Amino acid sequence: VQLQASGGGLVQAGGSLRLSCAVSGRPFNIATMSWYRQAEGKQRELVAAITSSGSTNYADSVKGRFTVSRVNAESTVYLQMNSLKPEDTATYYCVANYYNMYWGKGTQVTVSS
């Protein structure tokens with residue numbers, strides 16, 4: 001399984017970014033897809049997840065600001081991040097869960113104050 005994430009960058013506080021993650025190698029539609037992040041000096045944490053049926057869950061810190069979605073026909077999962085805060089600065093990872101978890105390379109998100 002290969003995961004290719006993109007969309008990170010530098011944005012001012014209050015701004016928005018959209019991360020994308022394209023999956024190949026196994027049927028996308030059966031995977032639970034997740035976004036994790038890891039800030040410097042901190043543990044990796046789950047940000048958002050979406051099941052194969054479209055159910056979602058979010059970390060409390062991003063509820064109401066981030067939206068995870070998927071387009072099965074594109075084998076792609078998205079993370080729309082609005083009202084970004086400096087504390088959202090981290091490396092964001094896309095993860096595909098097919099019972100085993102497959103991690104993509106991270107994409108850096110930096111939010112300036």
Side-chain angles (χ1 to χ4, degrees):
V1 179
Q2 293 185 328
L3 298 90
Q4 182 65 51
S6 60
L10 173 64
V11 64
Q12 289 188 332
S16 298
L17 283 174
R18 188 175 81 156
L19 305 183
S20 302
C21 177
V23 179
S24 61
R26 291 193 67 174
F28 175 79
N29 61 313
I30 64 173
T32 290
M33 298 300 302
S34 304
W35 289 96
Y36 284 75
R37 68 185 180 187
Q38 187 167 21
E40 190 171 347
K42 295 188 177 181
Q43 289 190 331
R44 194 172 291 181
E45 63 173 347
L46 175 66
V47 176
I50 183 167
T51 68
S52 58
S53 62
S55 297
T56 58
N57 68 282
Y58 298 92
D60 287 343
S61 58
V62 307
K63 281 181 182 177
R65 301 188 297 121
F66 290 12
T67 302
V68 60
S69 61
R70 63 192 296 161
V71 179
N72 288 340
E74 298 175 358
S75 296
T76 300
V77 62
Y78 298 95
L79 184 67
Q80 178 66 44
M81 305 185 294
N82 299 328
S83 302
L84 282 161
K85 304 176 180 180
E87 51 263 44
D88 295 318
T89 296
T91 301
Y92 285 71
Y93 298 89
C94 172
V95 180
N97 191 338
Y98 292 94
Y99 300 108
N100 294 322
M101 295 179 74
Y102 298 87
W103 293 74
K105 292 183 179 180
T107 184
Q108 179 67 35
V109 172
T110 303
V111 184
S112 63
S113 57

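Atoms considered below: every heavy atom in the structure, side chains included; atoms not considered: hydrogens, waters and symmetry mates. The model shown is predicted, which means the values in this text are computed figures rather than measured ones.
- Without hydrogens or angle criteria, Tyr93 side chain to Ala5 main chain gives no donor-acceptor distance under 3.5 Å.
- Rounding to the nearest 0.5 angstrom, the gap separating the OG atom in Ser75 from the CD atom in Gln2 is 12.5 Å.
- A donor-acceptor pair under 3.5 Å is formed between the side chain of Arg70 and the backbone N or O of Thr51.
- Residue Ser16 comes nearest to Asn82 through the heavy atom pair OG-OD1, 2.9 Å, listed as atom of the first residue, atom of the second, then distance.
- Other residues, nucleotides and ligands place no more than 12 heavy atoms under 6.0 Å from the CD atom of Gln4.
- We find the CE-CG distance between Met33 and Asn72 to be 10.0 Å, quoted to the nearest 0.5 Å.
- Looking at heavy atoms from C-beta onward, Asn97 lies out of side-chain contact with Ser34 at the 4.5 angstrom threshold.
- In the hydrophobic clustering of ILVMFWY residues, with side-chain heavy atoms under 4.5 Å counting as a link, Phe66 and Tyr78 come out apart.
- Residues that satisfy the side-chain hydrogen bond (donor to acceptor under 3.5 Å, both in side chains) test with Ser20, not counting sequence neighbours, are absent from this structure.
- Judged purely by atom type and a 3.5 angstrom limit, Tyr98 uses its side chain to pair as donor or acceptor with the backbone of Pro27.
- Summarising the geometry of Val47 relative to Tyr92, their closest heavy-atom pair is CG2-CE2, 4.2 Å, with the distance given to 0.1 Å.
- Nearest heavy atoms, Val68 versus Trp35: CG2-CD1, 3.9 Å.
- Follow the hydrophobic side-chain contacts under 4.5 Å out from Leu17 and you never reach Tyr36; the two are in separate clusters.
- A continuous path of ILVMFWY side-chain contacts below 4.5 Å connects Ile30 to Val77, so both sit in one hydrophobic cluster.
- Comment: Asp88 does not engage Lys85 in a salt bridge, judged by the lack of any side-chain N to carboxylate O separation of less than 4.0 angstrom.
- For the atom pair OH of Tyr58 and CG of Leu79, the computed distance is 8.0 Å after rounding to the nearest 0.5 Å.
- Shown here is Gln38, whose CD atom has more than 12 heavy atoms of other residues, nucleotides or ligands within 6.0 Å.
- Val95 and Val109 are not part of a single hydrophobic cluster, where members link through side-chain heavy atoms under 4.5 Å apart.
- Side chain of Ser113 to main chain of Pro86: no donor-acceptor pair is present (N/O by atom type, distance under 3.5 Å, no hydrogens or angles).
- Judged by distance alone, the side chain of Thr110 and the main-chain N or O of Thr89 form no donor-acceptor pair under 3.5 Å.
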Please step through side-chain contact (heavy atoms from CB on, under 4.5 Å) for the pair Arg37 and Val62, ending with a clear verdict.
-> CA-CA 12 Å; Arg37 68 185 180 187; Val62 307; 4.0 Å; yes
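- Under the 4.5 Å side-chain heavy-atom criterion for Ile, Leu, Val, Met, Phe, Trp and Tyr, Leu19 and Val11 are members of the same hydrophobic cluster.
- Remark: side-chain polar atoms of Arg65 are paired, donor with acceptor, to backbone N or O of Ser83 under 3.5 angstrom.
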